[in-house]
Engineer: 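Before anything else, here's the structure in question.
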Amino acid sequence: MVGYKFMGKAHSNAYQNAPFFFDLPVKPVKQAICGRNAEGVKEAADKMGWKSYETDWRTLINREDIDLIDIVTPNNNHAEIAIAAAEAGKHVYCEKPLALTIEESAQMLEAVQKNNVIHMVNFNYRFAPAIQFAKKLISEGKIGRIYHMRALYLQDWIMDPDFPLVWRLEKSISGSGAHGDLAAHSIDLARFLVGEIDEVSGMMKTFIKKRPAVADSSGLSGKASATEFRDVEVDDASIFIASFQNGAAGTFEATRFAGGNRNSNQFEINGEKGSIKWNAESMNELEVYFADDDPSLQGFKKINVTEEVHPYGGVYWPSAHIIGYEHTFHNLIAELMKGIEQGVSLSPTFYDGHAAQAILTAVEKSARSRRWEKVDTYL
Ligand SMILES: NC(=O)c1ccc[n+]([C@@H]2O[C@H](COP(=O)([O-])OP(=O)(O)OC[C@H]3O[C@@H](n4cnc5c(N)ncnc54)[C@H](O)[C@@H]3O)[C@@H](O)[C@H]2O)c1
């Protein structure tokens, strides 16, 4: 694994626990972790149970005792590491957004396909049981033809104008702001649940145009420099409307300026026979409405998606003994292990990462042109 902070912790925890809950055909071994700072990476290796560490990802990739490279670094080095890993014949599991640009994500997809390695991108929200259940309901036609998807991904951690320019606000490192960080997840859920998006029309806003440079940072936190201020080049909010190939209409809002919303990844889908609502902050619940319910009982009902009959029912705890954020990673890593054993890349693959990148790119293009733009994967 390359990187060892926020996602490093989430992925390490999942490698540790997925084999405990699942009967995996292939079991992950936490062989080596990589970071640039020897002291920091050694401490991370000890704490998170990795057998060894490296300070250069190139050395890691060339080690013969490694089969899978997991990339949990900031977005600007996903492409370089993933391509080198694929060329060295290693399977690759990469964080989202897959890349900084669509050109990079296309090269990454080409590299994993050409070198015939297993590839997955960490769109972990797909693996909340409620999302898998929503997928089942939609696939079975329970809500019929889909008319709308209304997706919001709302956070508020940078509303303080004195919050520093951490890597997520540096265009050269992150590619974009709320757009690639948050909208990427909504886009993946939209592709997973509703279908492909054809065309988009978008707007991106940067509310705070200058921020203090960063003195020290990790994950979503950072300390500001008292003296140096720099321009903010990424969006604080990205909003777009979308037209799906199947005729559905989508609205998407991703922002880090929605006060009071810490990590509100939510959506509503409306179909001819019913509706579905979900919010990651109450991730065990799926709200459903079915138009063919008895008229006296019509309305949204909240299903606690933890029964034996639900996706992942029986893997964790008895009914209503709820699970959390980390289990989305366990579930995804269980798929990854299954894929490695079967020799197939299970979704979400680098293609899904690239397709999401194509939609992100089209929205950025539209925000600049102030017109509708076609989504093009250029493949
Ligand atoms: N799926 C999700 O829900 C989710 C949530 C958070 C972050 N992410 C994604 O995960 C990735 C990492 O985000 P994070 O929040 O963990 O960031 P972070 O700042 O907490 O950690 C980044 C890590 O990468 C290391 N790093 C940076 N450059 C490196 C290099 N050249 N070689 C080796 N190590 C290097 C840093 O030292 C640090 O350990 C990003 O792509 C982000 O978009 C996904």
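Each ligand, and each atom within it, is numbered from 1 in the order the structure gives. Bear in mind the structure is a predicted one, so any value in this text is a computation, not a measurement.
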Engineer: For ligand 1, find out whether one of its N or O atoms is nearer than 3.5 Å to an N or O atom of W57.
Structural biologist: no

Engineer: Using distance alone, decide if ligand 1 has a nitrogen or oxygen within less than 3.5 Å of any nitrogen or oxygen in F329.
Structural biologist: no

Engineer: Can you list everything that forms a side chain to side chain contact (heavy atoms under 4.5 Å, CB included) with L346? Sequence neighbours excluded, please.
Structural biologist: E335, K338, Q342, V344

Engineer: Hey, which atoms in ligand 1 end up nearer than 4.0 Å to a heavy atom of V72?
Structural biologist: 12 (C), 22 (C), 23 (C), 24 (O)

Engineer: Is any side-chain N of the basic residue among K205 and D235 closer than 4.0 Å to the acidic one's carboxylate O?
Structural biologist: no

Engineer: Identify whether the distance between the nearest side-chain nitrogen and carboxylate oxygen of D376 and K374 falls below 4.0 Å.
Structural biologist: no

Engineer: I need the atoms of ligand 1 closer than 4.0 Å to a non-hydrogen atom of V2, numbered in the order shown.
Structural biologist: 33 (C)

Engineer: So, K136 and E140, do they make that salt bridge, N to O below 4.0 Å?
Structural biologist: yes

Engineer: Counting heavy atoms only, which of H78, R36, K96 is nearest atom 30 (C) of ligand 1?
Structural biologist: R36

Engineer: I need the atoms of ligand 1 closer than 4.0 Å to a non-hydrogen atom of G3, numbered in the order shown.
Structural biologist: 23 (C), 24 (O), 25 (C), 39 (O)

Engineer: Between T73 and ligand 1, which part of the residue brings a heavy atom under 4.0 Å of the ligand: side chain, backbone, both or neither?
Structural biologist: both

Engineer: Taking only Lys NZ, Arg NE, NH1 and NH2, and the carboxylate oxygens of Asp or Glu, determine whether R168 and D181 approach each other closer than 4.0 Å.
Structural biologist: yes

Engineer: Can we say R126 and D352 salt-bridge, meaning some charged N sits less than 4.0 Å from an Asp/Glu carboxylate O?
Structural biologist: yes

Engineer: Where's the contact between N122 and ligand 1, heavy-atom distance under 4.0 Å: side chain, backbone, both or neither?
Structural biologist: both

Engineer: Is it true that the side chains of S264 and N279 contain a donor and an acceptor less than 3.5 Å apart?
Structural biologist: yes

Engineer: Does ligand 1 have an atom under 4.0 Å from some heavy atom of K9?
Structural biologist: no

Engineer: Could you tell me if any non-hydrogen atom of W167 lies under 4.0 Å from any atom of ligand 1?
Structural biologist: yes

Engineer: Which of the atoms in ligand 1, numbered in the order shown and given with their element, are less than 4.0 Å from a heavy-atom of H185?
Structural biologist: 1 (N), 2 (C), 3 (O)

Engineer: Less than 4.0 angstrom from a charged side-chain N to a carboxylate O is my criterion; do R191 and E196 meet it?
Structural biologist: yes

Engineer: Output all residues satisfying side chain to side chain contact (heavy atoms under 4.5 Å, CB included) with I173, sequence neighbours left out; order by chain, then residue number.
Structural biologist: P74, N76, W167, E170

Engineer: On the 0 to 90° scale, with breaks at 30° and 60°, tag the F21-W317 ring pair as parallel, tilted or perpendicular.
Structural biologist: perpendicular

Engineer: Going by the closest heavy atom to atom 7 (C) of ligand 1, which one wins out of R168, E95, M1, E54?
Structural biologist: R168

Engineer: Does P97 come within less than 4.0 Å of ligand 1, judged by its heavy atoms?
Structural biologist: yes

Engineer: Considering only heavy atoms of N124, which atoms of ligand 1 have at least one such atom less than 4.0 Å away?
Structural biologist: 1 (N), 2 (C), 3 (O)

Engineer: If the cut-off is 4.0 Å to any non-hydrogen atom of N77, which atoms of ligand 1 fall inside it?
Structural biologist: 28 (N), 29 (C), 30 (C), 31 (N)

